[in-house]
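To keep things clear, I will list the structure first and then write my remarks on it.
In this chain, numbering begins with 1 at the start of the sequence shown.
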Amino acid sequence: MLEFMPLILFATICIVLMFGFPVALSLAGTALLFAGMGLGLEAIGIDANFDSGYLAALPNRLYGIMTNQTLLAVPLFVLMGVLLEKSKVAETLLDAMALLFGAMRGGLGISVTLVGMLMAASTGIVGATVVTMGLMSLPTMLKRGYSTSLATGTICATGTLGQIIPPSIALVLLGDVLSSAYQQAQLSMGVFSPKTVSVGDLFMGALVPGLILVVMYMIYVGLVAFFRPHMAPAADREELMAELGHTSGLGILLLKGLVPPVVLIVAVLGSILSGFATPTEASAVGAFGALVLALAYRQLDWATLKDVLRSTTHVTTMVFLILIGAALFSLVFRAYGGEHMVTELFESMPGGVVGATIIVMLVIFLLGFILDFIEITFVVVPIVGPILLAMGLDPIWLGIMIAINLQTSFLTPPFGFALFYLRGVAPPSVPTSAIYRGVVPFILMQLSMLLLLTFFPQLATWLPTQF
């Protein structure tokens, strides 16, 4: 039984997390418990196949996490997202898009998708986008006769675009993990001058698949409106303008709502894609730009600033605590020989690298039903990443595949966070079952995107080679 300790450790972590205990403490506490068991068994003369030397690397691991320049982008992008949420840029933008497209069938759904895309490219925070869209657009869509499942599904799915469209916090975290995994894979292959993969590479690789997903969503809403017009009826523009309370013209509203976020997106993504700035430097530009926008919209006072800084600190400390817990888990897992066990399992798997990749993607998808994307990124990817990359997979392609797979974890019940966010702000008249039904087509579209990337990997790998 002792030879299966790595699997028992992994299963125990999943069970503890399912009970709802804090992620960081669950990872660190369970790892320490198993490390103590290994040391105790060795002390009484039982060979537990536990190499305690791995634990000596913990101080260096923790120091590396706290001094990692790439991870500095996390608090800055969070600050940028929270500031934009408070500045009500999304509210003006959504009103403008609703007036522009609302007069056509399915127009409100298309408006939500486009605004969700721009919000994703501005904030990269799923929760903020879903809550903002749920509060602002769901009542209007329901009042205009939209199907409850279509309206809620569209809002949830477009909110998750923040996972894949840069600047995404998920891509920042995944990029850091994959960078270490790629170097580890090359060293295991005898390459002592390893190539690197950066967060910027993942940003560029995610751009085309992210835009394709946006187009898929809009085509789906358009098809539903065409074949079932009662589910997505057209709205009267004059009535919509009166309801939204805007007296200025559509052009002025578009100018006020569209130009600021687009300028900010160009400043952040443009500086990364052009090579003028690293993602960390661009995150500082984005945070400053969001601060200027909040001041320009007169939405920033001392109380709001304190709230913004508190939210940013809360999210940042959560991420770094999980990182520390995951580092300890990874060391204990390897001390029990878990890495060798997984390597042997993958090498003996039928289908070689293809079979191994399919199994990993399936495991990540299933884990998404019960675990958060941060937990999967820090627990699963460091285990399987080096092995898959050593088998010859492109790190950018693998990163985008994992990112889109993790995107589905926000939509898959019972623990899909986008479902919870929307449930929290949706009217009581909206049944939870309608929200669950509404996201199913969008989950299928995300899985279709995985298939598309499988057969056409250039969708993720082409753009990074152009810069």
Side-chain angles (χ1 to χ4, degrees), residues 81 84-86 88-120 122-123 125-163 214 217-218 220-222 224-225 228-237 239-246 253 257 261 410-413 416-443 445:
L84 285 174
E85 181 189 357
K86 301 294 183 184
K88 295 188 177 179
V89 172
E91 185 175 336
T92 308
L93 180 58
L94 186 60
D95 289 352
M97 289 295 180
L99 292 173
L100 185 63
F101 293 103
M104 57 185 283
R105 285 187 299 187
L108 290 178
I110 292 172
S111 301
V112 168
T113 304
L114 289 173
V115 174
M117 175 191 71
L118 292 171
M119 285 287 288
S122 304
T123 68
I125 302 176
V126 173
T129 305
V130 174
V131 170
T132 303
M133 293 295 180
L135 288 171
M136 293 189 304
S137 62
L138 184 58
T140 302
M141 295 176 81
L142 296 178
K143 186 176 180 180
R144 294 294 162 187
Y146 268 66
S147 160
T148 305
S149 59
L150 178 64
T152 54
T154 303
I155 292 170
C156 286
T158 52
T160 65
L161 290 171
Q163 279 288 102
V214 172
Y217 293 173
M218 290 194 295
Y220 169 71
V221 173
V224 170
R228 297 183 178 178
H230 64 280
M231 294 181 66
D236 183 86
R237 184 169 289 167
E239 289 181 11
L240 202 56
M241 183 170 283
E243 182 181 324
L244 295 174
H246 290 288
L253 195 60
F410 277 88
L411 299 178
T412 47
F417 280 89
L419 309 177
F420 290 156
Y421 294 142
L422 187 60
R423 177 66 278 173
V425 297
S429 58
V430 175
T432 303
S433 58
I435 300 176
Y436 283 8
R437 284 197 311 272
V439 298
V440 171
F442 294 95
I443 294 173
M445 279 183 266

Qualifying residues under ring pair (Phe, Tyr, Trp, His ring centres under 6.0 Å), relative to Tyr217, sequence neighbours excluded = Phe442

What's the shortest heavy-atom distance between Thr154 and Gly109, and which atoms?
-> CG2-O, 3.8 Å

Hey, does the side chain of Arg423 reach the backbone of Val430 with a donor-acceptor pair shorter than 3.5 angstrom?
-> yes

For a side chain to side chain contact (heavy atoms under 4.5 Å, CB included) with Tyr146, tell me which candidate from Thr152, Thr140, Leu108 qualifies.
-> Leu108

Find out whether Val221 and Val112 are in side-chain contact, i.e. whether some heavy atom of one side chain is under 4.5 Å from a heavy atom of the other.
-> no

Between CG on residue Leu114 and CE on residue Met119, distance to nearest 0.5 Å = 13.5 Å

Partners of Val214 by side-chain contact (heavy atoms from CB on, under 4.5 Å), sequence neighbours excluded?
-> Thr113, Met117, Leu161, Ile165, Met218

Partner set under side-chain contact (heavy atoms from CB on, under 4.5 Å) for Ser429, not counting sequence neighbours = Pro427

Rounded distance [0.5 Å steps], CZ in Phe410 versus CD1 in Ile443 | 13.0 Å

What are the two closest non-hydrogen atoms of Pro233 and Arg144, and how far apart are they?
-> CG-O, 3.0 Å

Nearest heavy-atom approach of Val130 to Gly159 is CG2-CA, 3.6 Å

Listed by chain and number, what are the side chain to side chain donor-acceptor pair (under 3.5 Å) partners of Ser149, not counting sequence neighbours?
-> Ser147

side-chain contact (heavy atoms from CB on, under 4.5 Å) between Ile110 and Met104, worked out = CA-CA 10 Å; Ile110 292 172; Met104 57 185 283; 4.1 Å; yes

Okay, side chain of Tyr220, backbone of Met445: is any donor-acceptor separation there less than 3.5 Å?
-> no

Straight-line distance of Cys156 SG to Ile435 CD1, nearest 0.5 Å = 6.0 Å

Are the side chains of Leu150 and Arg228 in touch, meaning some heavy atoms are under 4.5 Å apart?
-> no

About how many Å separate OG1 of Thr148 and CE of Met231, when rounded to the nearest 0.5 Å?
-> 9.0 Å

Closest contact, heavy atoms only, Gly134 versus Leu422 = CA-CD1, 3.7 Å

